Structure formats: C-alpha cells, structure tokens
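Reading through the structure tokens given below for one structure.
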Amino acid sequence: MRKPTRRTEVGRGERVVPGVWRLRLPLPWPGVPHCNAWALAAGDGIVLVDCGMDTPGSMRHLERALEQVGLRLEHVRLLVCTHAHVDHCGQAAAVQERTGCPLWIHPDHAHLTALADDPKAALARRVEIARQSGVPEAPLRAWAEGRRGTGTGLSGPLTPDRDLVGGVFVGTDLGPWQVLETPGHAPSHVVLHQPQHRLLLSGDHVLGRISLFFDHGWTPDPVAQFLDSLDRVDGLDVRLSLSGHGRPFTDLRGHVQGNRALVAERLDAVTAALRARGDATAFDLLPPIYGDLLMPATAAWLLTKMLCYLEHLEGRGRARRLDGEPTRWTAA
Ligand SMILES: [Zn+2]
Ligand SMILES: [Zn+2]
C-alpha cells in the first residue's frame with residue numbers, strides 16, 4: 001500500500017496563450033494535489049471556467065492565482081463549470097456571492113447536488129452500495145466515520161442561470177467556445193472548443209496524465225458514455241488542450257487513444273480476474289486490478305470505478321452477477 005503524500009500548495013496563475021490564463025488551485029486529496037481553473041479574457045472582464053473546491057482558505061488561493069496574472073475576482077463576468085465535481089464547481093456559490101456573476105453548468109448535476117442537499121442520505125447510500133460490493137464491516141465503518149462531519153467541498157447550493165448543453169456558445173475575446181456534451185467521467189461533463197484558435201477546455205474528460213474516473217449510479221453505463229464522449233472529441237481540430245488537472249497538452253488524439261486503450265486494458269483485466277477466481281465481489285477485484293494504487297484513501301474511488309466496469313461488462317454479456325449478498329460476479 002502506498003502512503004498518501006501531503007504537499008503545501010498555494011494558488012498560482014500563469015498565462016498560457018494571449019487571453020487565456022491557467023489558475024492552479026491546491027486540493028486536499030492524495031494523488032491529486034491541484035486542479036485548474038481557467039480565466040478567459042472577455043471584454044472588460046473574464047469568463048472563469050471552473051473555480052476549485054471549497055476548503056478552508058480556498059478563496060484566497062483563487063484570488064492569489066488571479067492576482068499573479070493581474071486579475072481580480074471582481075473581473076469575473078460569467079462562471080462556467082465543466083462538470084459538477086467539487087474540485088470544479090465547489091466555490092461557485094462563493095464566487096457568485098462576491099461577483100454577482102451568472103453560473104452556467106450542465107443540468108445533469110444531481111450526482112453532486114444530491115450529496116449537498118442531503119449528505120447523510122448520500123453517505124448512507126454509499127455505505128449500502130459498498131456493503132453490497134463486499135467491503136468488510138470494519139474498514140467500511142472506519143471510512144464512514146471519517147466522512148462524517150467533513151465538509152461537502154461546496155460553498156453553497158448550485159444555482160445555475162443557464163443550462164450548459166450542446167449548441168451553447170461562450171463568448172470571449174478569442175471568439176466563441178462551443179459546448180460539447182461529454183458524459184462519462186460525470187453525467188454533467190462538457191468540454192468547450194474554440195475552433196479558430198484550436199483550443200479545447202477538456203475538463204476531466206481528457207487529462208494530460210491519463211487517469212479514469214466514472215460516477216456510478218446515475219446513468220446505466222458510464223463507461224460506454226465515456227467511450228462515446230471520446231469519439232465526440234476525437235475528430236476536433238485542436239492544437240492545445242487545457243484540462244482540469246495538470247499542464248496543457250498537445251496531441252489530443254494520442255490522449256484519446258490512450259484513454260481508450262486504458263479502458264480496454266482494465267475491462268480485460270477484470271474479465272481475466274473473474275475467470276481466475278471463478279467468482280468475486282467488486283471489492284475482491286480491487287487488489288488484482290489496482291495493486292499499489294489501492295489504499296484506504298483511494299479505495300472508495302477505485303470501488304466506484306470497479307462497479308462501472310462490472311456493469312459495463314454485464315451489459316456487453318462479458319460478466320454476470322450472482323444472486324445473494326454481497327453481490328458476487330462471474331465471467332459470462
Ligand atoms: Zn471530475
Ligand atoms: Zn477534477
């Protein structure tokens with residue numbers, strides 16, 4: 001098991017191309033030390049794309065990152081969120097309160113807002129899913145205890161002013177950015193494409209360092225959605241991708257192929273592990289598939305992905321669930 005690393009991080013800003021600034025904001029998560037928000041020049045102000053998670057001191061990090069590139073929070077005229085994960089929309093309510101700006105986000109954000117509306121019920125639901133997935137009682141109780149009383153990562157309820165769906169354009173000095181719906185990583189995920197400058201705000205759909213995540217339980221097959229969403233961006237003319245974490249990257253097509261290959265590799269590994277064991281719970285499959293990546297801090301996240309892989313394989317006739325509790329799976 002790998003030990004989580006902790007680093008002291010502060011908000012940082014840098015210009016990426018004229019009219020586009022990267023705002024790197026610290027996160028309290030093991031293995032994910034920061035996220036990116038993006039400032040886009042727009043008239044006498046900026047469009048802010050994503051805004052970071054609400055944690056103690058997080059607004060100061062955003063302000064500091066803006067100050068480093070000569071901007072201020074008061075310049076924000078519009079807040080656009082690529083998806084409803086707290087590292088991307090957590091400070092939305094606080095930014096709106098400070099600036100009065102509107103918020104545009106995809107309407108399928110219940111995967112986050114259900115948690116914010118009733119954290120107790122959301123936690124109980126996750127515990128029940130984990131129990132059914134074969135997580136033993138003691139670590140499950142420890143995990144649930146650890147979650148109790150921790151913040152939601154949201155500074156307040158999400159109050160969108162406009163649905164960020166396909167066909168919507170976000171106007172900036174560089175020209176309009178076209179919204180493309182790309183569910184999979186999250187049901188609410190969109191990317192923004194600026195064709196004249198060949199830029200893509202890719203959110204967490206395509207990251208520079210390939211890393212997969214799917215929200216479980218909100219759509220029938222997030223893995224299939226994710227693969228479809230990779231097809232959706234594959235044909236775009238893009239010279240630079242500006243993602244939700246890490247540095248901007250070129251070679252979008254190579255990254256799309258890398259994502260497809262990793263999904264196929266994981267699905268094959270899950271099938272092979274099921275064959276080798278005869279049958280297994282989702283929890284049993286975590287060590288053979290994830291090895292070193294599995295630690296208490298990542299187990300919940302990896303289990304979520306495993307459930308998505310198993311349900312995808314079930315839909316393709318490659319895996320079957322057996323009756324009983326916890327749910328056991330077998331290769332079909
Ligand atoms: Zn995300
Ligand atoms: Zn993220």
Side-chain angles (χ1 to χ4, degrees), residues 7 9 11-12 22-38 48-55 58 61-62 65 79-92 95 103-116 122 126 151-155 158 160 164 179-192 200-219 222-223 225-227 229-230 232-233 241-249 255-256 259 262-263 293 297-298 300-305 307-308:
R7 279 194 261 169
E9 295 272 355
R12 290 179 208 283
R22 175 188 177 205
L23 309 170
R24 203 186 76 165
L25 308 172
L27 287 175
W29 293 341
V32 192
H34 48 77
C35 59
N36 296 324
W38 299 91
L48 184 63
V49 178
D50 291 341
C51 56
M53 181 175 177
D54 180 65
T55 58
S58 56
H61 289 301
L62 176 59
L79 173 59
V80 168
C81 292
T82 57
H83 62 298
H85 281 163
V86 289
D87 48 331
H88 299 266
C89 68
Q91 299 201 85
V95 169
L103 166 66
W104 295 4
I105 191 166
H106 192 278
D108 292 346
H109 50 66
H111 61 97
L112 175 70
T113 37
L115 164 78
R126 288 192 73 184
T152 58
L154 281 170
S155 57
L158 286 186
L164 199 63
V179 174
L180 298 166
E181 293 177 56
T182 50
H185 172 82
S188 55
H189 203 291
V190 303
V191 298
L192 288 93
L200 183 73
L201 281 156
S202 61
D204 288 356
H205 178 46
V206 188
L207 294 162
R209 226 174 66 194
I210 294 169
S211 154
L212 302 171
F213 179 78
F214 318 104
D215 271 308
H216 173 257
W218 297 94
T219 54
V223 174
Q225 282 187 310
F226 177 66
L227 294 171
S229 294
L230 287 176
R232 199 156 303 144
V233 299
S241 294
L242 315 170
S243 55
H245 303 264
R247 294 206 183 97
F249 61 92
H255 282 74
V256 166
N259 273 282
L262 184 56
V263 171
L293 284 175
T298 59
W301 172 63
L302 296 176
L303 183 66
T304 298
K305 292 202 281 186
L307 290 170
C308 293

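Atoms within a ligand are numbered from 1 in the order they appear, just like the ligands themselves. Just the heavy atoms: all of them, side chains too, but no hydrogens, waters or symmetry mates, feed the values below. As the structure is a prediction and not an experimental result, all values here were calculated from the model.
Residue H88 counts as close to the Zn ion (ligand 2), with an N, O or S atom under 2.8 Å. The Zn ion (ligand 1) does not have D87 among its coordinating residues (no N/O/S atom, backbone or side chain, under 2.8 Å).
With respect to the Zn ion (ligand 1), H83 has NE2 as its nearest N, O or S atom. Within D204, the N/O/S atom positioned nearest the Zn ion (ligand 1) carries the name OD2. Checked against the Zn ion (ligand 1), the N, O or S atom of H185 at the shortest distance is NE2. Within H85, the N, O or S atom lying nearest to the Zn ion (ligand 1) carries the name ND1.
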Before you tell me yes or no, could you show the steps for F213 and H85 under ring-ring contact (aromatic ring centres under 6.0 Å, His included), namely the whole-Å CA-CA distance, both residues' side-chain angles and the distance that decides it to 0.1 Å? CA-CA 11 Å; F213 179 78; H85 281 163; 5.7 Å; yes
Go through H88 and H83 one step at a time and tell me if the ring-ring contact (aromatic ring centres under 6.0 Å, His included) criterion holds. CA-CA 7 Å; H88 299 266; H83 62 298; 4.1 Å; yes
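S58 and D54 get closest at one heavy-atom pair: OG-CA, 3.5 Å. Between T298 and L293, the shortest heavy-atom contact is OG1-O, 2.7 Å.
Judged purely by atom type and a 3.5 angstrom limit, S188 uses its side chain to pair as donor or acceptor with the backbone of A84.
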